[in-house]
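As structure tokens, the structure follows; a few thoughts come after it.
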Amino acid sequence: MQVPAPFTYERATSVEHAIELLGQLGPEARVVAGGHSLIPMMKLRLARPDALVDINDLGAELAQIRVDGDALVIGALARHADVLASAVVGEHFPIFHDAERVIADPVVRNFGTVGGSLCQADPAEDLAAVFAALDAVAVLRGAAGVREVRVRELHVGPYETVLAPDELMLELRVPIRPGGGSAYEKVERRVGDYPVAAAGAAVWLDGDTVRDVGIGLTAVGAEHFTAPAAEEALRGQPATEESFQAAARLAAEHCNPSADQRGPVDYKRHLAAELTTRALRRAAARARGQEA
Amino acid sequence: MTTVEERPHTGFGRTLRKEDVRLVRGKGNYVDDVRLPGMLHGALLRSPYAHAKINSIDTSAAEALPGVKAVVTGETLKGLGLAWMPTLSYDVQAVLATDKVRYQGQEVAFVIAEDHYTARDAVELIEVDYEPLPVVFDAKRALEPDAPVIRDDKEDQRDNHIFDWESGDAARTEEVFANAEVVVAEDILYPRVHPAPLETCGSVADMDPVTGKLTLWTTSQAPHAHRTVYALVAGLPEHKIRVIAPDIGGGFGGKVGIYPGYVMSIVGSIVTGRPVKWVEDRAEHLMSTAFARDYHMRGEIAATKDGKILGLRVKVIADHGAFNATAQPTKFPAGFFHVFTGSYDLRAAHCAVTGVYTNKAPGGVAYACSFRITEAVYLVERMVDVLAYELKADPAELRMKNLLKPDQFPYTTQTGWEYDSGDYPKALQLAMEMAGYDELRREQAEKRERGELMGVGIAFFTEAVGAGPRKHMDILGLGMADGAELRIHPTGKAVLRISVKTQGQGHETTFAQIVGNELGLPTADIEVVHGDTDQTPFGLGTYGSRSTPVSGAATALVARKIRDKAKIVASAMLEVSPDDLEWAGNRWHVKGDPEQGKTIQEIALAAHSSLELPEGVEGHLDATTVYNPPNLTYPFGAYICVVDVDKGTGAVKVRRFIAVDDCGVRINPMIVEGQVHGGLADGVGMALMQVMAFDEEGNHLGASFMDYLLPTSLECPSWELGETVTPSPHHPIGAKGVGESATVGSPAAVVNAVLDAIRPYGVRHADMPLTPAAVWAAMQGRPIRTDLAIP
């Protein structure tokens with residue numbers, strides 16, 4: 001059995017308490033929610049926090065999924081399974097259900113959290129690409145107060161975010177706009193594996209014209225999990241297979257995959273294009289009401 | 001609705017597994033469940049380097065950690081003469097490294113502490129000064145003149161060569177190839193994989209300082225063989241060693257050899273005078289215990305233009321890792337690879353295998369391979385498809401044309417093995433009918449027109465199991481015969497003691513069914529005792545699908561001895577001559593007068609009573625036997641796999657899998673089918689996702705379940721099983737063994753299906769695992785080497 005190095009453990013009773021504990025315990029403390037990334041890393045002794053602050057009792061404050069004005073709000077402590085089961089999520093953004101269906105396995109989805117996934121900042125994280133495609137905003141709170149950060153600016157590198165050591169992610173706000181459709185496409189070696197590559201797309205159509213588009217890419221070294229050049233090129237273009245392929249080629253050119261046992265660079269770059277095309281195609285079909 | 005059987009279950013047929021009553025309730029007893037008073041915990045320090053000189057080891061900080069009882073290094077063992085241990089292949093292996101480390105994950109030091117956490121913390125405090133050395137990470141380059149010599153501990157070793165072995169007639173094969181109309185060659189890799197059972201390896205050693213008796217609870221598929229080896233290695237008297245293999249969470253050949261951790265738990269108990277538990281974690285298990293395969297093969301097949309296969313030859317570089325520790329019959333350095341001639345009528349065949357050392361973990365024979373028959377079957381079944389590709393022939397027709405015919409059995413192969421029985425065309429025909437083969441080909445043609453990729457793959461395999469005849473087969477001089485003891489209690493309940501050891505195969509059920517079938521006793525009335533050397537007769541254990549062929553035969557024969565003895569007792573009870581009695585399935589009765597008879601239960605009571613028995617007949621009702629198999633048994637099967645390939649991503653979906661198995665007489669069809677299901681999943685895993693690759697520094701790239709992938713139910717279709725039954729003519733109940741058939745047969749079917757799907761891209765061969773990347777790369781005409789780091 002793999003066992004972690006020694007650490008202390010605190011259980012937060014409120015958001016304020018959690019932030020207070022993080023302040024007291026310093027930068028070597030970590031928040032534990034679902035624990036499905038952190039605890040395996042601790043058992044392998046790749047992560048060696050001095051202390052854990054357990055926020056699993058904060059569900060009432062942090063696990064809600066609701067529509068608030070013109071935004072879908074997903075609490076940071078919402079479990080993957082909650083997102084997958086949420087009708088309101090599926091109604092506005094089917095991309096979440098596409099992605100959640102292929103994130104890990106039911107055991108992980110039952111406990112792993114949305115906020116944990118984003119804060120872990122794994123370069124192959126599915127939800128990072130989803131929230132980036134939707135241009136969502138993360139709401140963070142620390143001793144200094146509450147601030148909002150675009151998910152596109154949340155990650156500063158592999159396993160690194162802009163969160164201060166005493167900051168807690170509260171929720172994600174996804175703007176709801178009319179005329180939209182979204183989809184997620186992923187290739188994995190086996191169900192539950194991290195993606196070889198994956199792409200998410202959200203499009204908003206005016207008739208047959210792309211009014212706005214968001215593209216998220218993961219596991220292919222795309223900066224901030226996005227493809228801004230491809231988005232820019234596609235805005236105002238007809239929503240056709242040709243435009244999608246042209247944008248996808250741009251997305252692939254701008255990503256920077258590295259070779260590993262999931263595949264060589266040329267394959268991952270090919271997938272970035274192929275999956276972006278597929279995601280755009282399906283997102284557009286959904287925007288047109290042609291596909292569930 | 002619950003149905004109640006009127007009579008208790010007896011004999012062959014479907015019945016629930018007796019062991020599941022405890023296992024599904026969480027009441028199994030595995031090694032890690034063993035807790036003894038005063039028990040300490042051990043943990044191993046393992047090398048981060050694949051090849052490095054050890055300059056020094058500083059254990060002082062670890063020893064100073066509160067709760068640490070002792071830290072043992074290779075130097076400590078050297079003083080006891082225990083730094084090296086013999087392997088099952090007449091090599092030696094380091095228990096703890098002394099001079100240098102030779103693979104990543106090799107055992108370097110052992111900590112014994114009050115609890116597992118402290119032991120693990122202390123391991124991190126040991127400081128080792130390593131001096132990294134150049135690494136042999138590619139078997140194909142192990143014999144290059146400038147390759148670093150890994151085994152400089154061996155006096156006469158000047159390179160990384162272990163052995164050359166060959167089988168078949170080279171000259172005759174050359175002649176057949178020289179005159180053949182068609183010759184096709186292909187390089188085929190069977191990459192390094194791992195059986196990865198749910199339960200990792202471990203042991204609890206309890207050396208009683210007063211009696212001098214060692215009790216070892218251990219994850220062993222072969223407890224008797226282990227006991228003898230410990231006696232020979234450590235010099236402990238054999239009667240003072242008790243090896244107990246409790247419930248085992250899967251073995252698949254990975255729990256046949258002896259690992260340094262087992263030895264260290266024993267050393268730890270001797271050093272501390274207290275019981276010591278050592279249980280490895282998943283990464284340790286994947287990095288250091290017996291891998292499987294790693295065969296780099298070049299196959300050549302010769303045929304006529306119209307598809308009559310004439311000859312087959314193959315050259316193999318076999319990567320055995322840093323120590324030659326393959327677990328197989330000792331005189332068979334390439335296992336039973338001779339069976340590469342497959343299921344076909346050939347004029348000539350020849351193979352040559354060269355074993356090499358590399359900076360990787362030792363092993364090679366595991367993962368339900370039937371001693372390298374997985375490699376053999378994969379080779380021949382790929383080569384037949386390569387030939388079909390060249391001849392533009394249908395792979396089913398090509399196989400049908402060349403399969404051995406029923407009237408050719410018993411059939412002696414070009415490598416001298418006698419296949420006992422079979423009707424191969426019947427099995428293939430059945431599989432094709434179940435699959436709707438012609439319809440699948442029509443569908444495939446239509447899809448190809450539309451640019452969609454669908455493939456149909458076939459594999460026909462012949463297994464060779466039940467090792468083996470003692471004149472040919474032994475392990476370290478121990479003949480591969482197995483004993484059985486059967487005792488019928490006065491009330492007619494029975495206890496059967498066997499030498500083999502279930503790891504999930506269901507022996508407690510099927511062996512009771514064998515006894516029940518012979519004596520007419522209910523399955524529930526027969527207790528099967530196994531896995532404890534103090535309670536069972538000697539035998540070599542469970543691997544190579546040998547339990548039913550060898551120990552199952554012993555069980556049938558010992559039950560027949562009881563039946564014969566019961567006849568004499570019955571004759572005394574009925575006051576008739578034994579010659580006047582006949583057997584009626586569960587009782588002896590007077591010929592022509594079925595009313596006048598006695599059941600086994602009645603006879604058992606009488607045998608223990610004051611009844612006067614004929615002269616020379618001892619009381620009670622028990623017997624023992626040892627079974628020496630006259631030949632191996634040869635199960636076979638025809639598998640058909642249907643896949644769809646996404647041409648934009650290379651992703652493979654296994655749509656259907658049809659498996660027709662012939663394992664002779666089936667004792668419990670449910671258990672047979674369960675074993676087939678598991679083996680088919682293995683095949684999907686190996687074909688599509690499993691590999692242990694190594695980078696240029698010798699780093700293991702598959703040391704966790706994030707990197708070494710096991711298939712799930714979502715990768716597996718609903719298996720479609722069929723059967724034919726060709727009894728083994730030489731086995732007492734006609735059974736042939738089935739534990740490894742599906743693992744042996746299925747990888748080639750899946751790979752053949754994928755390659756059939758991407759045939760429009762001009763791909764004749766690509767190596768496993770056919771991950772999406774590997775399929776796509778093959779379609780682009782630049783296949784990747786799956787056993788190395790992807791560049």
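By convention in this document, chain letters (A, B, ...) are assigned in the order of the sequence lines, proteins followed by strands, and residues within each chain are numbered from 1.
- Of the two parts of B:A43, neither the backbone nor the side chain holds a non-hydrogen atom closer than 4.5 Å to a non-hydrogen atom of chain A.
- Atoms CZ and CG, on A:R262 and B:L709 in that order, are 7.5 Å from each other to the nearest 0.5 Å.
- Separation of atoms CD (B:E715) and CZ (A:R189) is listed at 11.5 Å; rounding is to 0.5 Å.
- Shortest non-hydrogen contact noted between A:A259 and B:I790 is CB-O, 3.6 Å.
- Using a 4.5 Å cut-off between heavy atoms, B:M689 contacts chain A through its side chain alone, with no backbone atom that close.
- Between B:L688 atom CG and A:R190 atom CZ the span is 12.0 Å, to the nearest 0.5 Å.
- For a residue to count as touching a neighbouring chain, one of its non-hydrogen atoms must lie under 4.5 Å from one of that chain's; by this rule B:E280 touches chain A with the backbone only.
- Taking B:A773, B:A283, B:G685 one by one and counting their heavy-atom pairs under 4.5 Å with chain A, the maximum is reached by B:A773.
- Going from atom CG of B:D281 over to atom CG of A:L44 covers 8.0 Å, rounded to the nearest 0.5 Å.
- If you measure heavy-atom distances from B:A777 to chain A, you find no contacts under 4.5 Å at all.
- Proximity to chain B (any heavy atom under 4.5 Å) is shown, for A:P40, by neither the backbone nor the side chain.
- Of the two parts of A:V191, the backbone and the side chain both hold a non-hydrogen atom closer than 4.5 Å to a non-hydrogen atom of chain B.
- Interface remark: B:P769 contributes no atoms to any contact with chain A (heavy atom separation under 4.5 Å).
- No part of B:D32 comes within reach of chain A, as not one of its non-hydrogen atoms sits under 4.5 angstrom from that chain.
- Remark: A:E223 CD is loosely packed, at most 12 non-hydrogen atoms of other residues, nucleotides or ligands lying under 6.0 Å away.
- Environment of CG in B:L198: sparse, with no more than 12 heavy atoms of neighbouring residues, nucleotides or ligands closer than 6.0 Å.
- Between B:I784 and A:P264, the shortest heavy-atom contact is CG2-CG, 4.4 Å.
- Here A:R45 is the residue among A:R45, A:K268, A:R278, A:E274 with the most heavy-atom pairs under 4.5 Å with chain B.
- Pairing each heavy atom of B:G648 with each of A:L271, the nearest pair is O-CD2, 4.4 Å.
- Rounding to the nearest 0.5 Å gives a distance of 4.0 Å between CZ of A:R48 and CD of B:E124.
- Among the candidates A:L275, A:V265, A:D266, the residue making the largest number of heavy-atom pairs closer than 4.5 Å to chain B is A:D266.
- Of the inter-residue distances, the one linking A:Y267 atom OH with B:T649 atom OG1 reads 5.0 Å to the nearest 0.5 angstrom.
- Within the 4.5 angstrom heavy-atom criterion, only backbone atoms of B:P791 (N, CA, C, O) approach chain A.
- For a residue to count as touching a neighbouring chain, one of its non-hydrogen atoms must lie under 4.5 Å from one of that chain's; by this rule A:D260 touches chain B with the backbone only.
- Within a 6.0 Å radius of CD in B:E696, other residues, nucleotides and ligands contribute 12 heavy atoms or fewer.
- Between B:A789 and A:Q261 the shortest heavy-atom distance is CA-OE1, 3.3 Å.
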